[in-house]
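Below, chain A is the first sequence line, B the second, and so on; all start at residue 1.
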2 protein chains.
Amino acid sequence: MAVTIRDVARAAGVSITTVSRALNGYPDVNPETRRRVLEIAEQLNYRPNQVARSLVTQHTRTVGLLVSDFTKSRGGMYFMYDVLAGVHDGLAQHGYDMHLVSTTTTRQRLVSYLDFCTERRFEGVIVMGIRLDDPYVHEVVESKLPSVVIDLPLLSERCGYVMTDNVNGARFAVRHLVSKGHRTIGFVNGVPYAAVCVDRRRGFEDGMRAHGLQPDPELMEEADFTVEGGAAATRRILERRPDVTAIFYASDLMAIGGMREAVKVGRRIPQDLAVIGFDNIDLCEFVQPALTTVGQRKYEMGKSAADMLIGMLDQNLPPEGRMLAPDLIVRRST
Amino acid sequence: MAVTIRDVARAAGVSITTVSRALNGYPDVNPETRRRVLEIAEQLNYRPNQVARSLVTQHTRTVGLLVSDFTKSRGGMYFMYDVLAGVHDGLAQHGYDMHLVSTTTTRQRLVSYLDFCTERRFEGVIVMGIRLDDPYVHEVVESKLPSVVIDLPLLSERCGYVMTDNVNGARFAVRHLVSKGHRTIGFVNGVPYAAVCVDRRRGFEDGMRAHGLQPDPELMEEADFTVEGGAAATRRILERRPDVTAIFYASDLMAIGGMREAVKVGRRIPQDLAVIGFDNIDLCEFVQPALTTVGQRKYEMGKSAADMLIGMLDQNLPPEGRMLAPDLIVRRST
DNA sequence: TTTCGCATCGAAAACGTTTTGGACATGGAC
DNA sequence: GTCCATGTCCAAAACGTTTTCGATGCGAAA
């Protein structure tokens, strides 16, 4: 069907060896022959078959991007898109392709991430948004397949990670609230099986103590990273402790839900309740009042992950754990 | 390095033919032999090489998802994410993989989309967010490679499309505004090289005339689909025609910019200026006031595109043009 | 006994490349 | 005249599968 290197060879009256060398720019081929081969390849509209090439070179120059359920994690999109862009740019810069695989796919086919990737001979994999307790992710981390995970501090022989310094991020949030005079500070954390949440909690508690405040269980709640979850958690805190004057949320989406709820029960923001989120998603600028937050460098996370992976692949560099500094973005909600 | 079918054959004391047949569930292999082969394959941790398999079967079961610049089109994300999810689900359901290729990649490597896809032997391609005047997309459309484009009405032998009925969407918007008593209605369109914009413009003008109103060039502007662009366009309209009482925007993002600008110059929404957008991105619910808009079925668009492509691939169905009905979502801004 | 069908298996070709290990000719140095 | 280096080329192996075609053995039918 398609025109192969053999067709080109025949038409040019040379061997396929020569065609291959001419096309790939090897030195030992006569300039005139090369010219003719190139010309004929062009004429015949020849396109090298990368599948065949991959088979013989044992290189696909493809990395898998593993993301958990697209559909479900609606909220994750705000975070994910930028990371995705960063990963993509990083890979593209070094000539690697990106294969998108979601956990729904693998689950549907009853195959582990690792098997899926090794069958396709991916050269490496970038993992994002996977639960801390997902057994399959540990399988790839412990495998020989080079990988870097985003937002999970998993380090091994062939696996690095990049994440935001969530502990310090949470400390910044607390320090900011304290500097605004708050003493009774609430905290709405995300799901406990997300690695970022244990860090943010630690940062919150550390930060409180650093300012001579005692983290109070009555002021702490957990939610599922959604607007509704944030609202519900806020309601519980407000009912239990009407004296709360500020709340730190482990995600912007929850913070937005919190603001809604607070306004609904008659609190003004920031006068009656200061609110600070985490992530710095685009939404922050659009809500009323604009949301103060701890910003993650999302694009850089993706870019950094891709760069690390490519370093492992192309230069045999060892994997590392990379911590990106968050930055406090003050808007009107505090 | 990796364990091959040959290793399994050797260990099981059978030919590779038999191993292949045993693993793939062919009938003519003794149940006992099959059991042994399966067992040994499991023991050796054998994973079939899909690259080799693709080479011989001439099927990669991979489709390319072509998106224009990730990084640049920040706004497109709100629209794209859902479409992406739909495409992904559709493909996954039928056992197809998804290779993400952005136009930045191909441009960087100086290769056309079509060449990129044929070299990798993709079985089909889904195109989204490409400019109407991009020459490379036409190359794909006119090629033998099965494709379906989103948001561009390009139909050919091997290329279908799916898009929202933008003309009617715009008509809905006008009808809604008219029903609210508006007569002097502005229109901020997007970039002229986007196919959706010519339709939305036509829908706007048709809708106006249908209600006995004359589309007035003084009330019409173009912007670049961004918040800032929407704001600037709004400023120009408000200066030129202070008597305008409602504006229809070809995208939510621009509508949000418009609301900001209007509020800044002292207009109340919706009392002094009614605003309606297009797309129904998540943001609509979060801005103040919540934005009335013409909703696109984003997920369905992606799903439908994937289904059509797979129909072409697996059942040799002909490509079609599919129009998805938009729906009016009334919130507080009108 | 011959014939036939059936169940089970294997040898070898094929997919489209890259790469190895020469072959061959030419020309200059000795 | 021999030797060697150099430039140009090719045959064949290899990558890891699937698939075609045929071989073999065995039991039942004729």
Atom CG of N24(B) and atom P of dT19(D) are separated, to the nearest Å, by 8 Å
With a 4.0 Å cut-off on heavy atoms, is Q58(B) in touch with a base, just the backbone sugar-phosphate, or nothing at all? sugar-phosphate
Checklist entry - Which part of the nucleic acid, if any, lies within reach of P27(A) when heavy atoms closer than 4.0 Å are counted: base, sugar-phosphate only, or nothing? => result nothing
| query | For dT18(D), does either OP1 or OP2 sit under 4.0 Å from a side-chain N or O belonging to S20(B)? | reply | yes
Residues F225(B) and A194(B): closest non-hydrogen pair is CE1-CB, 4.3 Å
Of the candidates dG10(C), dG16(D), dT17(C), the side chain of I5(A) sits closest to dT17(C)
| said: What contact category does V51(B) fall into here, base, sugar-phosphate, or nothing, at under 4.0 angstrom with non-hydrogen atoms? | reply: nothing
Open item on the list: Please classify the nucleic acid contact of D28(B) as base, sugar-phosphate, or nothing, using heavy-atom distances under 4.0 Å.
Closed with: base
When rounded to whole Å, the CZ to P distance for the pair R35(A) and dT8(D) reads 15 Å
From CZ of R21(A) across to C1' of dA11(D) the rounded distance in Å is 11 Å
Taking dG10(C), dT17(D), dT18(D) as options, the one with an atom nearest any side-chain atom of S15(B) is dG10(C)
Check: T17(B) near the nucleic acid: base, sugar-phosphate alone, or nothing, with a heavy-atom cut-off under 4.0 Å?
Finding: base
When rounded to whole Å, the CG to P distance for the pair N30(B) and dG10(C) reads 11 Å
- Task: Name the nucleic acid region contacted by S54(B), choosing base, sugar-phosphate or nothing; use a 4.0 angstrom heavy-atom cut-off, strictly under.
- Result: nothing
Any carboxylate oxygen within less than 4.0 angstrom of a Lys/Arg side-chain nitrogen, looking at R35(A) and E32(A)? yes
Closest heavy-atom pair, V37(B) versus A22(B), reported as atoms and distance to 0.1 Å, is CG1-CB, 3.8 Å
Can you say whether a donor on the side chain of R121(B) sits under 3.5 Å from an acceptor on the base of dG16(C), or the other way round? no
- Taking only N and O in the side chain of T18(B), is any of them less than 4.0 Å away from OP1 or OP2 of dG10(C)? yes
By nearest-nucleotide position on DNA chain C, the 5'-leaning member of A52(B) and V29(B) is V29(B)
Quick one about R322(A) and S304(A) (side-chain donor to acceptor, distance below 3.5 Å, no hydrogens or angles considered), yes or no? yes
Rounded to whole Å, CD1 of I16(B) lies from P of dA14(C) at a distance of 15 Å
message = For a quick test of reading the model: is some side-chain N or O of R6(A) closer than 4.0 Å to OP1 or OP2 of dG16(C)?
response = no
Between CZ of R53(B) and C1' of dT19(D) the distance, given in whole Å, is 13 Å
Under 3.5 Å donor-acceptor, R34(A) side chain and Y26(A) backbone:
yes
**Asked** So does Y26(B) get a side-chain nitrogen or oxygen closer than 4.0 Å to the phosphate oxygens (OP1/OP2) of dT8(C)?
**Response** no
Closest to the 5' end of DNA chain C, once P31(B) and T4(A) are matched to their nearest nucleotides, is P31(B)
To the nearest angstrom, the NE2-P distance between H59(B) and dA14(C) comes to 19 Å
Separation of dA14(D) atom P from L55(B) atom CG, nearest Å, is 17 Å
Are side-chain N/O atoms of S20(A) and T17(A) paired as donor and acceptor at under 3.5 Å? no
